[in-house]
Amino acid sequence: YLEFMLRNVGLDVVSRQDYPDHYFFSQCDIMDIAGECREKNIECVIVTKKDFVKLKRMDISSIEEKLFILNIAFEILEGKEILVAGLNRVLSCKTA
């Protein structure tokens, strides 16, 4: 979905790295990304804010100037009351 959003706003996605949810990045991952940036002359690396929190604990100096953080948020346009009621039922079951 992220690639779709980026292309939709006119960005040219030349490479992508998909990692599983809750992935623990390693310094080797950073080195691989930096190497690919050099090889393909990639101008920017876009990561979600959630992943950036994990990345900033490492040495990201090799990609730092190219790094852009995407903060993803959503808004429920229809059915918010139904969703909240369902979540409240689930939460009340857990506390019972």
Side-chain angles (χ1 to χ4, degrees):
Y1 184 73
L2 179 59
E3 182 177 349
F4 170 78
M5 289 182 354
L6 296 174
R7 288 185 189 280
N8 202 35
V9 296
L11 295 177
D12 183 22
V13 179
V14 294
S15 180
R16 67 184 263 181
Q17 301 293 325
D18 294 315
Y19 299 96
D21 203 18
H22 305 290
Y23 181 75
F24 287 99
F25 293 94
S26 69
Q27 198 62 46
C28 188
D29 294 324
I30 304 299
M31 292 169 43
D32 290 344
I33 293 168
E36 187 169 5
C37 286
R38 283 189 302 276
E39 290 170 19
K40 296 182 178 179
N41 200 27
I42 293 173
E43 296 176 18
C44 64
V45 174
I46 300 173
V47 299
T48 62
K49 186 174 183 180
K50 180 178 127 179
D51 285 334
F52 177 69
V53 169
K54 298 178 222 172
L55 291 175
K56 70 180 185 176
R57 296 179 187 149
M58 292 182 255
D59 178 8
I60 57 171
S61 59
S62 59
I63 60 170
E64 194 166 23
E65 289 183 7
K66 298 176 182 285
L67 201 57
F68 290 83
I69 298 101
L70 182 64
N71 189 14
I72 299 174
F74 68 92
E75 179 180 359
I76 301 168
L77 301 176
E78 292 182 28
K80 182 176 180 178
E81 297 80 17
I82 296 168
L83 175 63
V84 170
L87 291 172
N88 284 335
R89 277 194 303 276
V90 170
L91 292 174
S92 66
C93 288
K94 287 186 174 192
T95 59

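Keep in mind the model is a prediction, meaning the values are calculated, not measured.
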Residues Asp29 and Tyr23: side-chain donor-acceptor under 3.5 angstrom:
yes
Distance, nearest 0.5 Å, that separates NZ of Lys66 from SG of Cys37
5.5 Å
Could you give the distance from NZ (Lys50) to CG (Asp21), rounded to the nearest 0.5 Å?
3.5 Å
For the residue pair Gln27 and Met58, what are the closest heavy atoms and their distance?
OE1-CB, 3.4 Å
Under 4.5 Å between side-chain heavy atoms, hopping through other hydrophobics if needed: is there a path connecting Ile42 to Ile46?
no
Check the hydrophobic clustering (I, L, V, M, F, W, Y; side-chain heavy atoms under 4.5 Å; chains of links allowed) and say if Val9 and Met5 are grouped together.
yes
In this structure, would Leu11 and Ile72 fall into the same cluster of hydrophobic residues linked by side-chain contacts under 4.5 Å?
yes
Calculate, to the nearest 0.5 Å, the distance between atoms NZ and CG belonging to Lys80 and Leu83 respectively.
9.5 Å
Kindly compute the distance separating OG (Ser61) from CG (Leu67), expressed to the nearest 0.5 Å.
11.5 Å
Under 4.5 Å between side-chain heavy atoms, counting indirect links through other Ile/Leu/Val/Met/Phe/Trp/Tyr residues: same cluster for Leu55 and Tyr19 or not?
yes
When rounded to the nearest 0.5 angstrom, what distance separates CD in Glu36 from CD1 in Ile63?
11.5 Å
If every non-hydrogen atom of Val13 is compared with every non-hydrogen atom of Arg7, which pair is closest and at what distance?
O-NH2, 3.1 Å
Are Leu87 and Ile82 connected, step by step, through hydrophobic side chains (Ile, Leu, Val, Met, Phe, Trp, Tyr) whose heavy atoms are closer than 4.5 Å?
no
A quick test of your reading: do over 12 heavy atoms of other residues, nucleotides or ligands sit less than 6.0 Å from NZ of Lys49?
no
The single option from Val47, Asp51, Ile60 that satisfies side-chain contact (heavy atoms from CB on, under 4.5 Å) with Phe25 is Asp51
